[in-house]
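Shown next, in structure tokens, is the structure this report addresses.
Numbering of ligands and ligand atoms starts at 1, following listing order. Not measured: the values here are computed from a predicted model. Along the sequence shown, the residues carry numbers beginning at 1.
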Amino acid sequence: MHKYETRTVAPAASLRGEILVPGDKSISHRAIMFASLAKGESRVRGLLRGEDCLSTLKAFQAMGVEVVEKGEEELIIQGRGLDGLQEPDDVVDCGNSGTTMRLMTGILAAQPFFSVLTGDQYLRKRPMGRVIDPLGQMGAKILGRAGHKKAPLAIAGGNLRPTEYSSPVASAQVKSALLLAGMQIEGTTTVYEPHLSRDHSERMLRYFGAEVDSFPGGARVTGPVSLSGREVVVPGDISSAAFFLVAGLIVPASELLLKNVGVNPTRSGIIDILQKMGGSIELLNQRELSGEPVADLLVRSSQLKGIEIGGDLVPRAIDEFPVVSVAAAFAEGVTTISDAAELKVKETDRIAAMCAALGQLGAQVEPLDDGMRITGGQGLQAGTVNSCGDHRIAMSMAVAGLGAAGEVHIEDTGCTATSFPNFWELLARIQA
Ligand code: S3P
């Protein structure tokens with residue numbers, strides 16, 4: 001459990017400087033998982049040391065994976081191969097991390113031992129049927145609370161058969177869980193999705209030597225694959241950079257350079273959204289790191305305007321809607337977010353949480369069944385808001401505070417350690 005803290009953010013006159021955001025959370029989880037399942041040693045640099053990824057690391061250590069830390073910078077993981085994991089001798093705690101729980105469920109469903117996964121009060125409320133049902137179609141034996149829909153989950157692994165599954169939701173966690181189960185067994189497993197979700201699993205499995213086929217509408221793997229230890233360099237997290245992109249746009253006279261940010265097209269929806277709103281964001285020094293596209297992002301204060309957001313753009317920016325709604329409060333006109341019902345089942349119900357928090361600061365916001373409508377242009381007032389224990393709500397409201405007319409008090413901010421341990425430090429630095 002994170003610390004309960006209240007923080008105050010005062011309006012900023014201008015923001016300036018260069019920032020290195022921490023490693024990408026999704027890529028960090030996968031680096032730990034695939035390095036553990038590979039044969040031989042992997043060296044991982046730039047890994048996110050947030051609580052979510054530490055949950056994944058501890059889970060694999062509990063299954064016998066040896067990990068050596070080389071300072072802050074590098075982690076050396078001795079992979080055990082697909083059949084070298086040991087049965088954990090206790091319940092595995094996934095903390096707040098949906099990615100840990102859903103991807104591990106896929107991995108463990110194919111392992112010939114018993115395991116139990118649990119998580120914090122927020123994770124235990126989130127839907128797990130979306131991975132349990134299709135894994136059940138592969139023959140997995142997984143029990144859980146609420147009619148096998150919620151954690152804790154008990155997994156009696158082994159004896160799976162491949163499947164072909166059409167997911168009703170565009171979810172990288174669902175897609176990955178099935179690919180990770182399918183890659184361990186004989187035959188071809190195919191997952192179709194309604195819109196393309198982030199493809200880090202597909203990219204990194206290929207980087208570790210597996211044949212994974214990405215095609216319009218889905219991905220497939222033929223198992224059993226053989227993964228070999230690699231050097232992985234994790235790029236900066238665009239979902240963490242997003243807070244500084246919006247801050248740089250809404251605070252006057254600002255210019256920020258965010259270095260080394262992952263710009264995978266399945267994740268870069270936030271750049272498209274903010275540019276469409278009239279934001280000045282330039283991509284510099286574009287390059288590739290361990291199979292992932294990376295760039296430096298230069299952002300300058302801009303007058304934003306309201307836009308309509310929906311369709312394919314939604315999964316490409318799924319974690320950024322809290323901070324998009326803050327940008328929308330500072331934009332002239334109406335912003336409508338639709339096709340985003342998934343926001344209700346994130347770390348908290350992000351539609352309800354953002355409508356409540358922005359409403360506290362005087363914004364005109366209206367929840368919709370599948371998103372929200374924000375009428376911007378009047379700015380935000382001073383006030384007190386609550387993060388609902390959700391790291392991205394806490395950080396989005398800090399950005400709101402930088403642009404508001406008076407101080408914003410944010411309750412329950414310890415949760416930022418989930419994905420961005422040095423967020424408050426960086427926020428202070430660019431105002432100095
Ligand atoms: C993630 C996938 C997304 C995202 C989450 C991380 C991943 O969730 O919201 O923060 O690493 O695969 P869904 O797959 O539920 O959309």
Side-chain angles (χ1 to χ4, degrees), residues 22-34 47-48 50-53 55-56 94-107 119 122-123 125-134 149-151 165 167-180 191-205 214 218-219 234-235 237-243 262 264 266-270 292 312-324 339-351 353 370 390-393 395-396 415-416 418-420:
D24 186 279
K25 181 154 77 71
S26 290
I27 297 175
S28 295
H29 282 298
R30 289 159 172 85
I32 298 164
M33 292 175 180
F34 304 166
L47 194 91
L48 169 64
E51 286 170 1
D52 270 17
C53 298
S55 295
T56 293
C94 304
N96 190 243
S97 176
T99 306
T100 307
M101 183 168 282
R102 296 204 180 102
L103 271 58
M104 294 276 299
T105 301
I107 292 171
Y122 305 100
L123 186 55
K125 289 195 191 107
R126 297 182 65 187
M128 294 299 144
R130 55 177 60 194
V131 291
I132 295 173
D133 295 345
K149 300 277 184 244
K150 287 186 181 164
Y165 181 69
S167 174
V169 284
S171 162
Q173 294 178 356
V174 171
K175 175 174 61 176
S176 301
L178 296 184
L179 293 176
L180 295 180
V191 191
Y192 303 98
E193 50 182 354
H195 299 285
L196 179 61
S197 65
R198 63 191 66 190
D199 64 355
H200 303 303
S201 293
E202 297 91 304
R203 283 175 188 258
M204 201 184 290
L205 286 172
S214 299
V234 179
D237 197 327
I238 191 167
S239 296
S240 297
F243 303 110
N264 178 318
T266 63
R267 293 287 299 286
S268 59
I270 183 65
E292 289 280 351
D312 281 354
L313 198 47
V314 171
R316 294 182 52 230
I318 191 64
D319 292 334
E320 282 63 80
F321 287 102
V323 80
V324 165
D339 305 321
E342 275 294 296
L343 296 178
K344 294 182 189 165
V345 291
K346 292 297 174 188
E347 285 79 334
T348 186
D349 175 343
R350 286 183 172 161
I351 295 176
D370 65 345
D390 183 321
H391 55 133
R392 299 203 202 281
I393 305 283
M395 293 186 276
S396 298
C415 51
T416 52
T418 298
S419 65
F420 203 155

>> So, regarding Ile318 and ligand 1 (criterion: nitrogen or oxygen to nitrogen or oxygen, under 3.5 Å), is there a contact or not?
In response: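 Among all N and O atoms of Ile318, none is under 3.5 Å from an N or O of ligand 1.
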>> Is there a polar contact between ligand 1 and Ser171, counting only N or O atoms under 3.5 Å apart?
In response: yes
> Where does Arg198 meet ligand 1, judged by heavy-atom distances below 4.0 Å: at the side chain, the backbone, both, or neither?
Replying inline: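 The answer is the side chain.
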> Is there a donor-acceptor pair closer than 3.5 Å between any side-chain N or O of Ser97 and the backbone N or O of Cys94?
Replying inline: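 Not at all, since once roles are kept as given, no pair shorter than 3.5 Å links the two residues.
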> Is there a donor-acceptor pair under 3.5 Å between the side chain of Arg30 and the backbone N or O of Ser26?
Replying inline: yes
> What is the closest protein heavy atom to atom 10 (O) of ligand 1, and at what distance does it sit?
Replying inline: Asp319 OD2, 2.8 Å
> Of Arg126, Arg30, Arg102, Lys175, which has the heavy atom at the shortest distance from atom 12 (O) of ligand 1?
Replying inline: Arg30
>> Which option wins on minimum heavy-atom distance to atom 5 (C) of ligand 1: His200, Glu193, Gln173?
In response: Gln173
>> Working note: Arg198 + Asp24, criterion salt bridge (charged side-chain N to carboxylate O under 4.0 Å, His left out); need CA distance, chi angles, decisive distance, verdict.
In response: CA-CA 12 Å; Arg198 63 191 66 190; Asp24 186 279; 5.7 Å; no
> Considering only heavy atoms of Ser26, which atoms of ligand 1 have at least one such atom less than 4.0 Å away?
Replying inline: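 Listed by number with element: 1 (C), 6 (C), 7 (C), 11 (O).
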>> Suppose we screen for side chain to side chain contact (heavy atoms under 4.5 Å, CB included). Which residues come up paired with Leu196, at least two apart in sequence or across chains?
In response: Lys175, Glu193, Thr266
> Can you name the residues that form a side chain to side chain contact (heavy atoms under 4.5 Å, CB included) with Ser396, not counting sequence neighbours?
Replying inline: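 Checked Ser396 against side chain to side chain contact (heavy atoms under 4.5 Å, CB included); matches are Phe243, Pro322, Val323, Val326, Met354.
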>> When you measure from the heavy atoms of Lys346 to every atom of ligand 1, does any distance fall below 4.0 Å?
In response: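 Checking ligand 1 against Lys346, which is what was asked, there is a heavy-atom contact under 4.0 Å.
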> Under the criterion side chain to side chain contact (heavy atoms under 4.5 Å, CB included), which of Arg102, Met128, His29, Arg130 is the partner of Gln173?
Replying inline: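 For Gln173, the side chain to side chain contact (heavy atoms under 4.5 Å, CB included) test succeeds with only one of Arg102, Met128, His29, Arg130, which is Arg102.
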